[in-house]
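Structure first, commentary second.
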Protein chains: 2
Amino acid sequence: MNTTPKSLRKVILSSIRKSLLELGSATKVELSDKLEVSFPTISKFLAQMEKDGEIISVGLDESSGGRRAKRYAYNPEHMLGLAIFLESSETNYTIFNCVGEVMEQGKAPTVLIDNGINLLTKLIEKIITTNDSKIRSIAIGVPGSVDNGRIFYMPGYEQFQNFDLKGYYENYFSIPVVVENDMNAAVLGFKHSKGTKDNQSLIYLYFGQNGPGAGFMINGDVVRGSTFFAGEVSFVPQYNERNFGQALENGSRLNKKTISEDYHIDAISRLVATFVAIINPYIIIFCSDEMDKEILNKITIGSSKYIPSEHLPKLTESDWKQDYLYGLQRLGLDLMINE
Amino acid sequence: MNTTPKSLRKVILSSIRKSLLELGSATKVELSDKLEVSFPTISKFLAQMEKDGEIISVGLDESSGGRRAKRYAYNPEHMLGLAIFLESSETNYTIFNCVGEVMEQGKAPTVLIDNGINLLTKLIEKIITTNDSKIRSIAIGVPGSVDNGRIFYMPGYEQFQNFDLKGYYENYFSIPVVVENDMNAAVLGFKHSKGTKDNQSLIYLYFGQNGPGAGFMINGDVVRGSTFFAGEVSFVPQYNERNFGQALENGSRLNKKTISEDYHIDAISRLVATFVAIINPYIIIFCSDEMDKEILNKITIGSSKYIPSEHLPKLTESDWKQDYLYGLQRLGLDLMINE
DNA sequence: TAGACTTATTAAAGTTCTTAAATAAGTGTC
DNA sequence: GACACTTATTTAAGAACTTTAATAAGTCTA
């Protein structure tokens, strides 16, 4: 039960914003057709938005045989978003506008320490005031499990355990806040930046210093799991005596750029095959600093020993940090659009 | 973009039907509060529905201090649904009403043969005419992959390959039709009959004569896979030299009720562990004719060798045919409610 | 360059929902 | 059993969107 008549105004406003940002610019007729909202209504909304400075007129279209239509575009500077990701070594943040352009980028000492929340609060406060309070959303990425803005489980940082970061900051700053796990943000970011279609399933796979993990997006939704354990792929049994995590290590600790041995390839190929037999995803993404084209090829060959190759997903590599950041921006953008 | 102002009437009507069926009965105030639609509007809709015979008044509530409220209930006989499932040995069908009561049950020879579609058409025609044309939805279950009503892949029955069953019958009978894969229908049926919460992930696992398979429901959606290969779990690599399908067979063909050997248990436990490490589902359902309590216990113990037991899902058994049928009814019901 | 033709925008009238006020139908008390 | 008090329902007025008609602003052609 999501649609109530009362929320119509909001729905229309959101969808106008969304379309305008998606299309870059649009005429009233285009919006009316696309959104299935009558011309006069679109006209009324756009008039108000132009008055508020939220959209700007960008001239007239070429005539298609009759009167030329006015074209409108979103004013990207009208609202800004703040994306922060917390890591054990440092805290990164960016300020971005509605079209995804990064306006400002910065670093700060890590806040994943005792009393770190106050540090984080101070940081955000400073950022907001130095930006004329134009910040209209905050997206925070954390290396842990998140349930609706509450940090559920963040191994190593028990002081954040069970803390409702979203609720705390929404109350404190009166700005919409979203908190998301790093992998989930990355998978979301990849989906949007690479123009994957809705409802296609994605898997983001990393090996990492602290063991492997994966983020899933199935039918367009992030998969968290009933106990927030989804993606802990090191536990997947793969050989008579070894699971995926153990197979990767195989005695020696895995360093960066050392996915090269055949037993690594086979373990990963088996995991890929497992993903296909269960989820049959459209694409699997590896972190580009852990992967190269050649190994990707070997994995493709290796996987097809286990499953019919016509069902193999695309295998690709991508810049994890960038996807992560973009995912956070995306989440913040959604908040702004629906505000 | 799903909510258009034009569709308001439909949305309200659907949600009234849904609430009335869910609650059993309701007063106007209750509906107005629940649906966040104003009292006069609810009143107007109910008046029309009562006039149409779609709902009936079931008396007055006890007074809570003031005027007594009229209570309304859905007239279950107002619309009937037809659920058919096609199997290689026979064709089963049931006619059910809006509260899920089965009005009629029947069998017919299989239609999974050459020219079977005409047979099926005749069968449906006969059922519809002997029911005063009160049938308002048709749900068809098939043992194959389905994409939006089109049969995509049904091994062994190539004459149905790539046939748009939904489109064909919607055009022919002018009644909404839904076509769904057997596993997916079963998982849906289980979800609703057992009152699982929305957004909890479910896995239905069977071993079958033709090899094992699974149906997934993640975040409330059925998972089909990008090449409709999702659920083909026999391909999951599990041991140095064997995948799940091979491990189950282990030389001899698996008969019914013979999941008893330790190597069966271990293979299934590994598969369960794999599910947990990837999807972390809320529950895994086995077919009751292939499973019993004792084996279930053994699997629980076996799985916890591979993953922390606090993340183990509920393991349960259920009557597959019944869930399948109920899932089809559910799909048909949804069509009727939204019609 | 006037008139025929297109297309965009505005204005007016019609629907449908909401809110607020009025009425109906009860319960309970002195 | 009249009066105060509750709660359900109906009625009337107001708001927001849609449809249709009218007008404005172009293009194109003879």
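Chain naming here is simple, since letters A, B, ... match the order of the sequence lines and numbering starts at 1 in each. Note that the structure is a prediction, hence the values are computed from the model and not measured.
Projected onto DNA chain D by closest heavy-atom contact, B/T27 and A/K44 fall at different nucleotides, the more 5' of which corresponds to B/T27.
Here the C1' atom of nucleotide D/dC17 and the NZ atom of A/K10 are 19 Å apart, to the nearest Å. Between B/L31 atom CG and D/dA8 atom C1' the separation is 14 Å, expressed in whole Å. B/R67 has its CZ atom 7 Å from the P atom of D/dT10, to the nearest Å. Here C/dT16 presents its P atom at 12 Å from CD of B/Q48, a figure rounded to the nearest Å. Regarding A/E30, its CD atom lies at a distance of 13 Å from the C1' atom of C/dT7, rounded to whole Å. Regarding A/F39, its CZ atom lies at a distance of 16 Å from the P atom of D/dA24, rounded to whole Å. One interatomic measurement links the two molecules: NZ of A/K28 to P of C/dT9, which rounds to 5 Å at whole-angstrom precision.
In the set D/dT18, C/dT19, D/dC17, C/dT19 carries the atom at the smallest distance from any side-chain atom of B/P40. Considering only the side chain of B/R9, C/dC17 comes nearest among D/dT9, C/dC17, D/dT18. Side-chain proximity of B/A69 to D/dA16, C/dG26, D/dA8: nearest is D/dA8.
More than 12 heavy-atom neighbours from other residues, nucleotides or ligands sit within 6.0 angstrom of NZ on B/K194.
Between the side chain of B/T41 and the main chain of B/V37, no donor-acceptor pair closer than 3.5 Å is present.
Under a 4.0 Å N-O distance rule, the pair B/K134/B/E77 does not qualify as a salt bridge.
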